[in-house]
Protein chains: 2
Amino acid sequence: MGRYKEFDKEAVLHKAMLVFWKKGYEAASIPDLLEAMDLSRSSLYETFGDKQTLYIEAINWYKKWKQAKRDILVNATSAKSGIRQYFEIHIDSALDGESPKGCLITNAAVGMDSPDEQLNALIRERFDELEKSFYELLRKGQETGEIMPEKDIKTLSYLLSNLNHSINIVAKVKGDRSKMQQMIDMVMELI
Amino acid sequence: MGRYKEFDKEAVLHKAMLVFWKKGYEAASIPDLLEAMDLSRSSLYETFGDKQTLYIEAINWYKKWKQAKRDILVNATSAKSGIRQYFEIHIDSALDGESPKGCLITNAAVGMDSPDEQLNALIRERFDELEKSFYELLRKGQETGEIMPEKDIKTLSYLLSNLNHSINIVAKVKGDRSKMQQMIDMVMELI
DNA sequence: CACATTCTGGAACGACTGTTCCATAAAATT
DNA sequence: AATTTTATGGAACAGTCGTTCCAGAATGTG
């Protein structure tokens with residue numbers, strides 16, 4: 001047997017993800033990625049194939065990485081407090097100065113011209129998952145009597161997922177935490 | 001005197017705008033632009049300077065071009081019906097198959113890495129204008145008694161502008177008109 | 001018609017794009 | 001230690017990027 005890989009694949013994938021996140025697909029050049037990943041050209045191509053494949057893998061990694069945030073919705077006992085908590089963390093991370101602003105998947109959605117089918121599916125899937133998470137939590141809320149049965153929770157979950165998207169956008173140009181929070185407060189009145 | 005320009009500057013600018021809109025700044029190459037504008041390299045550089053400047057001009061042109069839609073908000077007599085009409089048209093144009101999907105300025109906002117100051121200002125300005133238009137209409141509604149005085153119209157206008165943004169996003173990956181409309185209906189309950 | 005001015009097409013530029021290839025270094029097995 | 005397998009670094013690739021430049025065609029004025 002020959003030698004093993006000297007780098008941790010997930011670690012370098014994480015660094016690649018950060019570059020894509022910050023710069024976008026087109027603007028993230030191979031030299032940019034190589035420098036961040038601290039890899040040689042050959043190792044990158046040997047390990048990940050090509051730029052497009054690396055991008056897909058980076059997005060999948062991002063999904064896994066952000067899964068924790070969605071788990072709040074899945075595991076919450078109260079619908080209202082779960083949603084509140086979700087948005088609190090979401091707003092925090094959207095305005096956090098350390099990570100790139102916004103959301104990698106939202107960026108990917110907006111940035112795609114005539115999209116690769118795989119990428120398109122990935123984005124749609126993610127959007128649907130979020131909406132579904134909201135829906136499931138609201139449905140449980142209706143079952144336990146926390147939420148009135150006549151509420152249109154299907155539209156509500158759509159509204160909430162849309163607010164999630166828009167927070168990702170406005171965070172990129174001007175982040176005003178209190179405005180975002182007040183907006184969530186207002187929407188909570190509908191639940 | 002020598003000969004005059006043979007092309008209509010605004011007409012070719014419009015075509016350039018469509019290319020930027022569809023492909024995004026990075027992916028829109030000079031050959032792409034030239035073909036759409038039906039211009040020679042020299043004419044483009046002589047008339048518009050460089051790609052970045054052309055992009056800025058294209059965005060400004062887009063603003064002018066889309067002004068008509070915002071005028072609905074400015075000229076509406078009833079706040080509620082004005083907002084409804086605005087979103088009706090907005091949803092229509094977001095899902096319209098002829099124009100590129102989404103919004104050029106939203107795309108620009110999401111696509112920018114370390115943005116040119118001029119571009120950043122342009123985007124912020126546009127976001128603020130929209131929010132302000134909603135606010136003004138809501139304020140008039142409060143004056144005329146159409147909207148209850150205790151309503152927090154500042155947050156409301158922020159919420160509405162955010163929905164505008166998110167519609168631009170979701171339209172790029174999957175457009176469901178009825179879901180969007182129902183969402184607006186739901187938010188109208190808050191007004 | 002001659003002159004002045006401006007636009008146009010195309011060649012050329014260096015820099016950068018993503019990708020491939022290979023000789024060499026490194027590690028694991030026998 | 002010899003051998004086999006694999007990763008590595010760097011050179012090189014063709015293609016495209018945005019941009020510049022210039023000779024010549026086209027249109028205006030006198």
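Reckoned from all heavy atoms, side chains included, excluding hydrogens, waters and symmetry mates. Chain naming here is simple, since letters A, B, ... match the order of the sequence lines and numbering starts at 1 in each.
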Let me know the distance between [atom1] of [X] and [atom2] of [N], rounded to the nearest Å.
X: B:Glu46; N: C:dG9; atom1: CD; atom2: C1'; value: 15 Å
X: A:Asp38; N: D:dA7; atom1: CG; atom2: P; value: 17 Å
X: B:Leu33; N: D:dG18; atom1: CG; atom2: C1'; value: 11 Å
X: B:Leu44; N: D:dC17; atom1: CG; atom2: P; value: 14 Å

Backbone N/O of [Y] and side chain of [X]: donor-acceptor pair under 3.5 Å:
X: A:Arg70; Y: A:Leu130; value: no
X: A:Lys51; Y: A:Ala28; value: yes
X: A:Asp71; Y: A:Val74; value: no

### Message
Is A:Ser40 close enough to D:dG9 that one of its side-chain N or O atoms is under 4.0 Å from OP1 or OP2 there?
### Response
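Yes, because at least one side-chain N or O of A:Ser40 sits under 4.0 Å from OP1 or OP2 of D:dG9.
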
### Task
With sequence neighbours excluded, tell me which residues meet ring-ring contact (aromatic ring centres under 6.0 Å, His included) with A:Tyr158.
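A:Tyr158 satisfies ring-ring contact (aromatic ring centres under 6.0 Å, His included) with no residue once adjacent residues are dropped.
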
### Message
At under 4.0 Å between heavy atoms, how does the protein contact nucleotides 12-20 of chain C? Give one character per nucleotide, 5' to 3', with B, S or -.
### Response
-----SSBB

### Query
A:Trp61 vs A:His14 aromatic rings, parallel, tilted or perpendicular, using cut-offs 30° and 60°?
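Taking A:His14 first and then A:Trp61, their aromatic rings stand perpendicular (interplane angle over 60°).
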
### Query
When rounded to the nearest 0.5 angstrom, what distance separates NZ in B:Lys63 from CD in B:Glu129?
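Here the interatomic distance stands at 4.0 Å.
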
